[in-house]
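Report on the following structure.
Please read all numbers here as calculations on a predicted model, not as lab measurements. For this chain, numbers begin at 1 and follow the sequence in order.
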Amino acid sequence: MLVLLRHAIAGNQAWNDLEKCLRWSCMLTAFWGSFRMSELIQSEKAKFNSSTALLPADIKFHEESVAIWVRSPKVWREGGDVVEVWEVKENEDLDPVLALKQYLKLRSQALGPAEDCPVFLHQDGSQSTKAEMNKDIKQLLGQYPSIASPRDMFSGHSFRAGISTLLTSLGFTEEQIKNWGRWSSSAFLAYVQDQSKRRDTRKQFTEVFGLMLAEL
């Protein structure tokens, strides 16, 4: 699904490079960091809580990763938590660290430091919101009629759900998945998709990928 979203974003002629990088970097960060979307972006376009919003100072790049300080009310540790998101060296197209660096570079060029504003901003300086993200995901996946039916099931929260499903399918333990997603209970089990249903749609996804790759 990330590959499909990437191609749909790249082909969107209504968005400039900053708008494309905004969506893509946010999606990749949400997936690989198992973030709640509310930990990355806002509920409103103009208002935000500086004590919980993700600000530029909350992001620190390291040699092979990026550390993100999360201060969401849902974080169970007092004072927040630092989430380390690692490079995806196997496929740069899906690398959250590279995508986030590219977005922040374009953000700085267009808006200046904007250090007192949330990280994810549009070209006009307004904030990216959860409602916008949900709408964008549905519109982007709508370009692939073969998955039109499950498309409506996807939202910004699907990235957090998706990583727990992936880790479960790869055989990671419950404790490992809880640590990865910062769950203090076994709540992640609610996000793990039924494997038989996933197998039923695998052929459909494969056909979509084949058509997409044939057009490259």
Side-chain angles (χ1 to χ4, degrees), residues 1-15 19-41 66 68 83 85-100 102-103 120 128-172 177 180-183 187-216:
M1 297 307 295
L2 286 174
V3 173
L4 291 179
L5 286 168
R6 175 180 173 272
H7 280 266
I9 291 172
N12 191 308
Q13 298 181 356
W15 294 338
E19 293 292 339
K20 291 177 181 180
C21 284
L22 163 62
R23 273 92 172 171
W24 186 231
S25 62
C26 187
M27 290 177 184
L28 286 182
T29 302
F31 179 75
W32 292 112
S34 190
F35 285 100
R36 303 173 182 88
M37 197 54 69
S38 60
E39 294 171 340
L40 299 178
I41 56 179
V66 59
I68 300 176
V83 179
V85 182
W86 292 87
E87 293 178 346
V88 178
K89 295 182 178 180
E90 297 80 3
N91 188 337
E92 286 190 353
D93 290 341
L94 302 181
D95 186 345
V97 179
L98 180 60
L100 193 54
Q102 291 175 335
Y103 165 68
F120 292 102
S128 177
T129 68
K130 293 183 290 183
E132 288 177 335
M133 180 63 70
N134 291 339
K135 180 180 178 181
D136 287 342
I137 291 170
K138 290 178 173 58
Q139 289 181 340
L140 291 166
L141 293 179
Q143 299 180 33
Y144 305 98
S146 297
I147 57 170
S149 178
R151 178 194 70 205
D152 294 333
M153 299 170 56
F154 290 95
S155 68
H157 200 65
S158 298
F159 301 107
R160 182 166 168 81
I163 194 67
S164 61
T165 301
L166 176 62
L167 293 174
T168 298
S169 69
L170 294 175
F172 285 80
I177 298 172
W180 184 290
R182 296 168 289 124
W183 283 285
F188 79 92
L189 292 172
Y191 302 132
V192 176
Q193 309 300 315
D194 181 83
Q195 297 303 305
S196 63
K197 293 180 180 178
R198 296 179 70 242
R199 284 192 294 270
D200 290 340
T201 60
R202 187 174 301 163
K203 180 179 179 181
Q204 190 176 26
F205 288 165
T206 301
E207 292 174 350
V208 173
F209 279 116
L211 291 172
M212 179 186 69
L213 293 174
E215 296 175 356
L216 295 178

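When all heavy atoms of Trp15 and Asp136 are compared, the closest pair comes out as CZ2-OD1, 3.8 Å. Across all their heavy atoms, Lys20 and Ala10 have their closest contact at NZ-O, 3.0 Å. Closest non-hydrogen pair, Pro96 versus Val88, comes out as CD-CG2, 3.5 Å. The minimum heavy-atom distance linking Asn134 with Ser155 is given by the pair OD1-CB, 3.4 Å.
Using a distance-only test at 3.5 Å, with no hydrogens or angles considered, a donor-acceptor pair links the side chain of Lys138 to the main chain of Phe154.
Side chains of Met1 and Leu141 form a contact here, defined as non-hydrogen atoms less than 4.5 Å apart. Considering only heavy atoms from C-beta on, Met37 comes within 4.5 Å of Cys26 through its side chain. Between Leu22 and Ser128, some side-chain heavy-atom pair lies under the 4.5 Å cut-off. Between Phe35 and Val85, the closest side-chain pair of non-hydrogen atoms falls below 4.5 Å. The side-chain heavy atoms of Ser25 and Gln102, taken from C-beta on, include no pair separated by under 4.5 Å. Contact annotation: the side chain of Phe159 never approaches that of Arg36 to less than 4.5 Å [non-hydrogen atoms, C-beta and beyond]. Trp86 places none of its side-chain heavy atoms less than 4.5 Å from the side chain of Val66.
Between Arg6 and Asp93, at least one side-chain N (NZ, or NE/NH1/NH2) sits under 4.0 Å from a carboxylate O, which counts as a salt bridge. Between Glu132 and Lys135 no salt bridge is recorded (no basic side-chain N to carboxylate O distance below 4.0 Å).
Rounded to the nearest 0.5 Å, atoms CG (Asn12) and CD (Gln143) are 7.0 Å apart. Distance CG/Leu5 to OG/Ser158: 9.5 Å, rounded to 0.5 Å. The line from OH of Tyr103 to CZ of Arg23 is 10.0 Å long, rounded to the nearest 0.5 Å.
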- request: Just do the side chain to side chain contact (heavy atoms under 4.5 Å, CB included) check on Trp24 and Leu94 with the steps written out, would you?
  value: CA-CA 9 Å; Trp24 186 231; Leu94 302 181; 3.8 Å; yes
message: Determine whether Ile9 and Met27 satisfy the following criterion, side chain to side chain contact (heavy atoms under 4.5 Å, CB included), listing intermediate values before the conclusion.
response: CA-CA 11 Å; Ile9 291 172; Met27 290 177 184; 4.0 Å; yes
task: Before giving the answer on side chain to side chain contact (heavy atoms under 4.5 Å, CB included), spell out for Phe31 and Leu2 the whole-Å C-alpha distance, their side-chain angles and the decisive distance to 0.1 Å.
output: CA-CA 9 Å; Phe31 179 75; Leu2 286 174; 3.7 Å; yes
task: List the steps and the verdict of side chain to side chain contact (heavy atoms under 4.5 Å, CB included) for Ile68 and Thr29.
output: CA-CA 10 Å; Ile68 300 176; Thr29 302; 3.7 Å; yes
